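Single-structure report; data block below.
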Amino acid sequence: MLFFEIVGAYYGAFFIWQLVTGIMNMLSGKILGGMKFHSIRFLNFKIGESQGRLTLSKDRVCFLPQFKILHTPESMADKRRRTVALSAGALSGFTVYGLFCLLVYRLAAGTEFFRMFMVGAIIVFAFGFYQFLIMIFSGLGNSTQAVMHRKNEQILSFIMEGTHPAQLGDWLAEEVELSGAGLAEKNRYIQFQYFSALEKGDEERVSQLIHKMEEALPQNVPAFLGGICGELIFYYSYLEKDLSKAERYKNQAPSMIENDMDLNGRRVYAYYLYGKEADTDKILEVIAEGLAVAQEYPMPGNIPMETKLLQYLRDLL
């Protein structure tokens with residue numbers, strides 16, 4: 001019984017923290033402007049908003065509630081507005097959670113459950129304060145990383161509102177070299193440029209950008225660059241037809257192939273199978289899987305490009 005009390009107290013502390021801060025961040029973003037709701041995940045369910053519609057879908061298991069809130073392009077351009085919205089959400093979350101801890105004290109003071117809950121609460125308060133500082137200071141200042149972070153968040157906001165990468169012309173006009181500080185943010189920006197070129201069908205520009213990302217890719221690919229491996233698999237399976245390289249990147253990021261069931265992942269896998277001259281029925285099955293979940297893809301602006309590529313491959317077969 002004591003074991004379940006301890007586990008329940010710890011889990012309860014983290015669960016309530018995630019729930020309270022997520023709701024308060026959503027409310028502050030709505031009231032103050034600058035942020036909007038994207039999705040809530042809990043257990044294996046996900047409630048999301050895409051193109052103005054709420055959707056319920058199954059997702060990978062998530063034992064704590066996870067709220068995702070998006071910055072609008074305007075809020076990313078206005079640092080003061082963004083900071084105020086983030087601060088209001090986080091501080092109100094701290095306040096409500098503190099009041100909830102007082103309620104637990106009133107109801108369970110002196111019990112093992114209360115002691116364990118307060119240990120959990122101290123941990124989440126410390127972790128939450130750390131996250132709060134990261135949120136406030138990320139993207140501030142004039143360092144290379146901060147400047148690229150702000151630009152990437154604005155571009156992402158446009159795409160989340162349904163703008164196609166190919167429509168982002170001036171936003172993606174900067175030539176960036178993958179060296180020096182801020183490599184993660186630079187890679188992210190070049191990926192946006194790559195999607196724009198891919199949507200336009202500009203194979204020369206696609207080749208230029210894919211090789212730029214490939215040359216800077218470390219030997220052991222970190223998780224945040226897994227998406228680049230996926231695009232390298234696609235590129236070498238179809239556009240450059242170098243199956244040895246496609247296999248090499250498949251081995252470096254296997255999750256980008258068989259287990260990635262979203263629209264982008266199915267597109268990469270379908271073209272990989274096509275490059276290997278796999279069974280046509282299998283390729284058609286993967287294409288159908290991708291098209292079936294197209295509207296659930298978390299980047300609405302990329303949906304037309306991804307579906308067009310899958311439909312084009314289907315017509316080739």
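Note that the coordinates shown come from a computational prediction; the quantities given were computed from them, not determined experimentally.
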Please check if atom [atom1] in [X] has more than 12 non-hydrogen atoms from other residues, nucleotides or ligands closer than 6.0 Å.
{"X": "Lys241", "atom1": "NZ", "result": "yes"}
{"X": "Glu175", "atom1": "CD", "result": "yes"}
{"X": "Glu203", "atom1": "CD", "result": "no"}

Modelled atom types, side-chain donor and acceptor of Ser244 and Tyr236, under 3.5 Å |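 Their side chains do not contain a donor-acceptor pair, so the 3.5 Å distance test is not met.
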Flag for Gln208-Asp202: side-chain donor and acceptor within less than 3.5 Å =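 Judged by distance alone, the side chains do not pair up.
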So how far is it from [X] [atom1] to [Y] [atom2], rounded to the nearest 0.5 Å?
{"X": "Trp171", "Y": "Asn152", "atom1": "CH2", "atom2": "CG", "answer": "11.0 Å"}
{"X": "Leu310", "Y": "Leu263", "atom1": "CG", "atom2": "CG", "answer": "6.0 Å"}
{"X": "Tyr272", "Y": "Tyr269", "atom1": "OH", "atom2": "OH", "answer": "7.5 Å"}
{"X": "Met299", "Y": "Ile159", "atom1": "CE", "atom2": "CD1", "answer": "4.5 Å"}
{"X": "Asn264", "Y": "Phe234", "atom1": "CG", "atom2": "CZ", "answer": "10.0 Å"}

Any idea which heavy atoms bring [X] and [Y] closest together, and the distance?
{"X": "Leu232", "Y": "Glu214", "answer": "CD2-CB, 3.8 Å"}
{"X": "Leu273", "Y": "Lys282", "answer": "CD1-CG, 3.8 Å"}
{"X": "Leu209", "Y": "Ala197", "answer": "CD1-CB, 4.4 Å"}
{"X": "Ile190", "Y": "Val176", "answer": "CD1-O, 3.6 Å"}
{"X": "Met305", "Y": "Phe195", "answer": "SD-O, 3.5 Å"}
{"X": "Val268", "Y": "Gly230", "answer": "CG1-O, 3.4 Å"}

Decide yes or no on ring pair (Phe, Tyr, Trp, His ring centres under 6.0 Å) for His211 and Tyr235, but give the supporting numbers first.
-> CA-CA 10 Å; His211 286 116; Tyr235 178 80; 5.5 Å; yes
Please state whether the rings of Tyr274 and Tyr271 are parallel, tilted or perpendicular, taking 30° and 60° as the class boundaries.
-> perpendicular
Does Ser196 reach the main-chain N or O of Pro165 with its side chain, forming a donor-acceptor pair under 3.5 Å?
-> yes
Do side-chain atoms of Gln167 reach the backbone of His164 as a donor and acceptor pair under 3.5 angstrom?
-> yes
Answer yes when [X] and [Y] have at least one side-chain N-carboxylate O distance shorter than 4.0 Å, and no when they do not.
{"X": "Glu174", "Y": "Lys186", "value": "no"}
{"X": "Glu153", "Y": "Arg188", "value": "yes"}
{"X": "Glu285", "Y": "Arg266", "value": "no"}

Please assess Thr307 against Tyr297 for the test side-chain hydrogen bond (donor to acceptor under 3.5 Å, both in side chains), listing each intermediate value before the final yes or no.
-> CA-CA 11 Å; Thr307 54; Tyr297 192 56; over 6 Å; no
Under 4.5 Å between any side-chain heavy atoms of Leu217 and Asn187, yes or no?
-> no
Glu215 side chain reached by Leu178 side chain, heavy atoms, under 4.5 Å = no
Begin with the C-alpha distance, continue with both residues' side-chain angles, and end with the deciding distance and a verdict on side-chain contact (heavy atoms from CB on, under 4.5 Å) for Leu291 and Arg314.
-> CA-CA 11 Å; Leu291 294 175; Arg314 184 178 61 190; 3.4 Å; yes
Are Tyr312 and Tyr194 connected, step by step, through hydrophobic side chains (Ile, Leu, Val, Met, Phe, Trp, Tyr) whose heavy atoms are closer than 4.5 Å?
->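 Per the 4.5 Å side-chain linkage, Tyr312 and Tyr194 are co-clustered.
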Is Lys245 close enough and on-axis enough to Tyr249, meaning under 6.0 Å and within 45°, for cation-pi?
->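 Relative to the ring axis of Tyr249, which defines the angle, Lys245 lies outside at least one limit.
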